Number of protein chains: 2
Amino acid sequence: MFGGITMKTENPMAEARRTLTLRDVSEASGVSEMTVSRVLRGQGDVSARTREKVKAAAKELGYVPNRIAGSLASSRVNLVAVIIPSMSNMVFPEVMTGISDTLEGSGLQPVVGITNYKMEKEESVLYEMLSWRPSGVILAGLDHTDAARAMLRSAGIPIVEIMDVDGEPTDHAVGISHRRAGLEMARAILREGYQKIGFLGTKMMLDFRARKRFEGFTEELGKAGIEIVDQEFYSGGSALLKGREMTEAMLKRNEEIDFLYYSNDLIGAGGLLYCLEAGIDIPGTLGMAGFNGVELIDGLPRKLATMDACRYEIGQKAAEIILRHGENDEDAAPEKIELTPKIAFGDTLHRR
Amino acid sequence: MFGGITMKTENPMAEARRTLTLRDVSEASGVSEMTVSRVLRGQGDVSARTREKVKAAAKELGYVPNRIAGSLASSRVNLVAVIIPSMSNMVFPEVMTGISDTLEGSGLQPVVGITNYKMEKEESVLYEMLSWRPSGVILAGLDHTDAARAMLRSAGIPIVEIMDVDGEPTDHAVGISHRRAGLEMARAILREGYQKIGFLGTKMMLDFRARKRFEGFTEELGKAGIEIVDQEFYSGGSALLKGREMTEAMLKRNEEIDFLYYSNDLIGAGGLLYCLEAGIDIPGTLGMAGFNGVELIDGLPRKLATMDACRYEIGQKAAEIILRHGENDEDAAPEKIELTPKIAFGDTLHRR
DNA sequence: ACTGCGAGTGTTAGCGCTAACGTAACCTGT
DNA sequence: ACAGGTTACGTTAGCGCTAACACTCGCAGT
């Protein structure tokens with residue numbers, strides 16, 4: 001049985017609850033199913049009188065249209081698949097907000113799938129989502145399994161790969177260059193005269209964007225003849241705590257270090273808190289920087305330097321691309337939108 | 001046109017891409033559509049030879065089944081609607097994790113809808129979700145519009161209201177008593193001898209659970225003949241920063257205050273950071289407590305007292321109820337599961 | 001030989017809705 | 001008066017899939 005919208009019968013003992021259909025509304029209001037359908041979709045010509053009658057009947061019965069049948073008949077689905085690695089790290093919720101805000105009122109609805117940074121999970125989630133024939137797909141990153149890539153190519157709907165532009169998109173792309181983000185940060189750090197640099201990050205075999213930032217960062221340092229003095233990676237647990245612990249460990253290991261670059265703001269914040277407690281002169285003796293530009297750092301005793309990842313804007317622009325496709329039926333030319341993140345120097349990078 | 005899975009024709013110029021159906025796979029593999037359907041669903045008897053043949057053909061073509069048609073035909077939908085107020089405040093992502101983990105491997109898939117704490121939005125999101133005829137609904141809170149309540153009652157599927165048990169559930173409920181949580185915290189605070197208590201929270205007209213905590217809290221204080229000395233509410237912005245600012249303002253306003261109760265851990269953390277910087281003796285001169293038990297507080301210089309909201313477990317138990325319904329067709333008796341949050345005293349509540 | 005049975009496959013009839021077209025009634029202008 | 005249009009419906013034929021049943025084998029039991 002459908003988990004269907006059911007009908008309260010006059011006599012509850014007489015008949016099992018049935019699932020309501022257009023037919024029930026049509027009988028209750030004395031018009032054809034087609035007219036009911038037109039009223040409920042607000043499409044086509046229906047006289048005001050009939051419209052009110054039908055609406056009243058539908059409301060009275062508590063009818064909720066069956067979009068499964070509707071979509072099958074009309075070959076139109078008001079869903080946009082959004083596939084992201086995680087919901088718990090502050091960056092994707094904001095992307096989601098950008099998407100939702102932009103889609104709001106368009107009739108399209110985002111549906112979220114989570115991959116936990118696993119390409120295999122991404123593949124299965126994508127398969128699952130495509131089986132609902134969404135009007136578009138927004139997914140994080142440019143790195144997918146071959147099977148996933150094949151599905152995307154042959155899906156026949158707009159695909160927007162977000163967050164990252166360092167690579168060849170399948171269709172559209174909106175994001176920032178993480179290589180460049182790493183590079184820019186390296187330059188800023190060198191410009192301030194820091195020399196002995198440590199890196200702290202997530203175990204990033206699976207987080208391609210963090211890896212790209214790291215690569216861009218080290219390469220740029222390399223050009224100045226500088227190598228990272230120390231590095232450490234964590235996984236799991238409270239990011240703030242890990243940042244604190246890893247920072248303490250690293251600074252004890254390497255007394256010479258004069259800058260710490262963190263792969264995200266949360267561990268950076270943890271590190272910052274540790275250093276302030278330890279009485280280290282920030283940014284004099286030690287500079288610090290994170291990545292993402294999360295709201296949280298505004299509330300820290302000192303503002304951590306960071307780089308905005310343009311999260312909201314990415315979601316917004318991705319959704320706009322999907323919407324644009326809805327208007328004109330033909331496939332528009334693939335767009336590749338590269339946003340430029342700005343460094344926020346905060347109180348931990350600028351040496352006076 | 002469906003945003004459908006399309007076919008690459010041998011000659012890309014010859015024919016527009018068509019959307020693939022079971023028929024295409026059936027023709028490619030030389031068996032009936034029904035047999036293909038059986039193979040792809042792994043149901044019914046199909047010989048190993050045929051099975052392989054069909055799977056190969058499906059993979060070759062890149063066929064992705066159309067669940068819209070499948071669900072319509074079978075009256076079964078593998079979706080569970082999850083309706084929550086927000087994704088950006090750390091509490092619901094963890095509930096989601098509990099739900100996802102539990103549903104994993106069951107064939108059921110959670111689909112999330114966000115209400116932004118607005119009942120009207122909740123109503124429309126619910127309508128939208130029900131129109132896809134999910135196998136169950138999990139939604140936050142017991143407070144809904146009349147229309148939403150009516151939809152829930154007549155949906156004919158298991159409904160689980162989560163987070164809150166202070167009230168009459170529509171069907172099942174899993175959560176904690178927020179009144180009781182407030183009450184317990186009041187007791188703990190009084191037990192430690194604090195007397196001049198300030199409250200800091202979100203503007204909570206819309207957050208019913210925060211309000212219930214506040215009510216439970218003030219009532220219990222009232223029994224001891226104590227009234228809140230000062231209170232302040234915020235909305236929007238960085239919670240950490242707001243906590244810092246509001247705390248500073250309140251302490252400057254009321255020098256007598258000896259305890260601050262925050263409606264969530266993040267503003268509490270902001271307040272804590274401020275107090276530490278200001279050199280206030282915590283918890284000697286001033287005690288503090290938050291609510292939720294978020295991971296983040298592990299990384300603070302001093303552990304904020306808090307109360308675990310059992311977020312993961314709530315998600316888990318809610319999903320289990322839905323799964324139980326899937327097994328036996330009849331409606332099981334409504335369950336009401338009340339979890340008991342535990343106070344974590346941390347370093348900011350226990351006076352020595 | 002015949003029935004009986006289960007494994008493997010095909011056939012038929014929808015699921016609940018909407019696109020596309022049909023039709024009846026009513027305008028409007030000349 | 002009548003063609004030609006417009007408004008307000010109804011009718012028909014699917015959308016792509018699966019439940020339910022029908023059928024065809026081959027083989028065991030008698």
Side-chain angles (χ1 to χ4, degrees), chain A residues 1-7 18-54 57-58 61 63-78 107 130-133 156 329, chain B residues 1-7 18-54 57-58 61 63-78 107 130-133 156 329:
Chain A
M1 275 296 295
F2 254 127
I5 305 306
T6 56
M7 189 170 71
R18 277 197 30 251
T19 89
L20 284 174
T21 72
L22 267 191
R23 156 140 246 137
D24 297 296
V25 183
S26 111
E27 282 169 2
S29 54
V31 296
S32 72
E33 296 177 36
M34 194 61 226
T35 301
V36 177
S37 168
R38 278 195 271 254
V39 171
L40 297 180
R41 280 179 300 145
Q43 286 226 353
D45 294 321
V46 180
S47 71
R49 224 175 78 75
T50 316
R51 198 160 45 231
E52 291 318 311
K53 211 166 47 177
V54 169
L61 292 171
Y63 174 71
V64 176
N66 185 335
R67 261 198 217 287
I68 296 178
S71 296
L72 183 61
S74 68
S75 298
R76 250 173 291 133
V77 182
N78 68 338
L130 287 181
S131 78
W132 288 100
R133 302 296 189 267
D329 268 341
Chain B
M1 275 294 297
F2 253 127
I5 305 305
T6 56
M7 188 168 72
R18 276 198 30 251
T19 90
L20 284 174
T21 72
L22 268 191
R23 156 141 248 137
D24 297 295
V25 183
S26 113
E27 282 169 2
S29 54
V31 296
S32 71
E33 295 178 37
M34 195 60 226
T35 301
V36 176
S37 167
R38 278 195 272 253
V39 171
L40 297 180
R41 280 179 300 145
Q43 286 225 356
D45 293 321
V46 181
S47 73
R49 224 176 78 74
T50 315
R51 198 161 45 230
E52 292 318 311
K53 212 166 48 180
V54 170
L61 291 172
Y63 173 72
V64 176
N66 184 334
R67 260 198 219 285
I68 297 179
S71 296
L72 182 61
S74 67
S75 297
R76 251 173 290 135
V77 182
N78 68 337
L130 287 180
S131 77
W132 288 101
R133 301 296 190 266
D329 267 342

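Note that the structure is a prediction, hence the values are computed from the model and not measured. Reminder, nothing fancy here: chain letters follow the sequence lines and each chain counts from 1.
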Whole angstroms only, please: what is the [atom1]-[atom2] distance between [X] and [N]?
| X | N | atom1 | atom2 | result |
| --- | --- | --- | --- | --- |
| A:R51 | D:dA8 | CZ | P | 8 Å |
| B:D45 | C:dG8 | CG | P | 5 Å |
| A:W132 | D:dC17 | CH2 | C1' | 12 Å |
| A:R49 | C:dA25 | CZ | P | 17 Å |
| A:R67 | D:dG16 | CZ | C1' | 19 Å |
| B:N66 | C:dC15 | CG | C1' | 13 Å |

Q) Looking at the side chain of A:L72, which of C:dG8, D:dG10, D:dC15 is the nearest nucleotide? A)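 For A:L72, the side-chain atoms sit closest to D:dC15.
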Q.
Side chain of A:T50 only, heavy atoms from C-beta on: which candidate in D:dC9, C:dC17, C:dC15 is closest?
A.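 Nearest nucleotide to the side chain: D:dC9.
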Q: Evaluate the criterion side-chain contact (heavy atoms from CB on, under 4.5 Å) for residue pair B:R67 and B:N78; output intermediate values, then yes/no.
A: CA-CA 9 Å; B:R67 260 198 219 285; B:N78 68 337; 3.8 Å; yes
Q.
Please give me the minimum heavy-atom distance between A:I68 and B:R133, naming the atom from each residue.
A.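 Residues A:I68 and B:R133, closest heavy atoms: CD1-CB, 4.2 Å.
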Q) Taking all non-hydrogen atoms of both residues, which atom of B:S71 and which atom of B:R76 are closest, and how far apart? A)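 So the minimum-distance heavy-atom pair works out to OG-O, 3.2 Å.
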Q) B:S29 side chain to B:A57 main-chain N or O, any donor-acceptor pair under 3.5 Å? A)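 No, because the side chain of B:S29 does not come within donor-acceptor range (under 3.5 Å) of the backbone of B:A57.
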Side-chain contact test, heavy atoms from C-beta onward, threshold under 4.5 Å: evaluate it for [X] versus [Y] and give yes or no.
| X | Y | value |
| --- | --- | --- |
| B:V36 | B:Y63 | no |
| A:L22 | A:L40 | yes |
| B:W132 | B:V77 | no |

Q.
Any side-chain N or O of A:T21 below 4.0 angstrom from OP1/OP2 of C:dC15?
A.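 No, A:T21 has no side-chain N/O under 4.0 Å of OP1/OP2 on C:dC15.
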(Q) Please tell me if B:T35 has a side-chain N or O lying less than 4.0 Å from either OP1 or OP2 of C:dG10. (A)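 Answer is yes, contact under 4.0 Å.
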**Q.** Counterpart residues, side-chain contact (heavy atoms from CB on, under 4.5 Å), relative to A:T50 (two or more places apart)
**A.**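 A:T50 satisfies side-chain contact (heavy atoms from CB on, under 4.5 Å) with A:V31, A:T35, A:V46, A:S47, A:V54 once adjacent residues are dropped.
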Q) Got a sec, which residues hit side-chain contact (heavy atoms from CB on, under 4.5 Å) with A:A69, two or more places apart in sequence or on another chain? A)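 Here the qualifying residues are A:N66, B:L72.
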Q.
Between A:D24 and A:L61, is the side-chain contact (heavy atoms from CB on, under 4.5 Å) condition met? List the steps.
A. CA-CA 8 Å; A:D24 297 296; A:L61 292 171; 4.3 Å; yes
Q.
Suppose the criterion is salt bridge (Lys or Arg N to Asp or Glu O under 4.0 Å): which pairs have a residue in residues 28-43 of chain A, not counting sequence neighbours?
A.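 Residue pairs with at least one partner in residues 28-43 of chain A: A:R23-A:E33.
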(Q) So for the helix from C:dA1-D:dT30 to C:dT30-D:dA1, with five pairs setting each end axis, what is the inter-axis angle to 10°? (A)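 It comes to 40° between the two terminal axes.
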Q: Give the B/S/- string for nucleotides 18-24 of chain C, one per nucleotide from 5' to 3', where a protein heavy atom under 4.0 Å of the base yields B, of only the sugar-phosphate yields S, and otherwise -.
A: BBB----
Q: Using a 4.0 Å heavy-atom cut-off, write out nucleotides 22-27 of chain D from 5' to 3' as B (base contacted by protein), S (sugar-phosphate only) or - (no contact).
A: ------
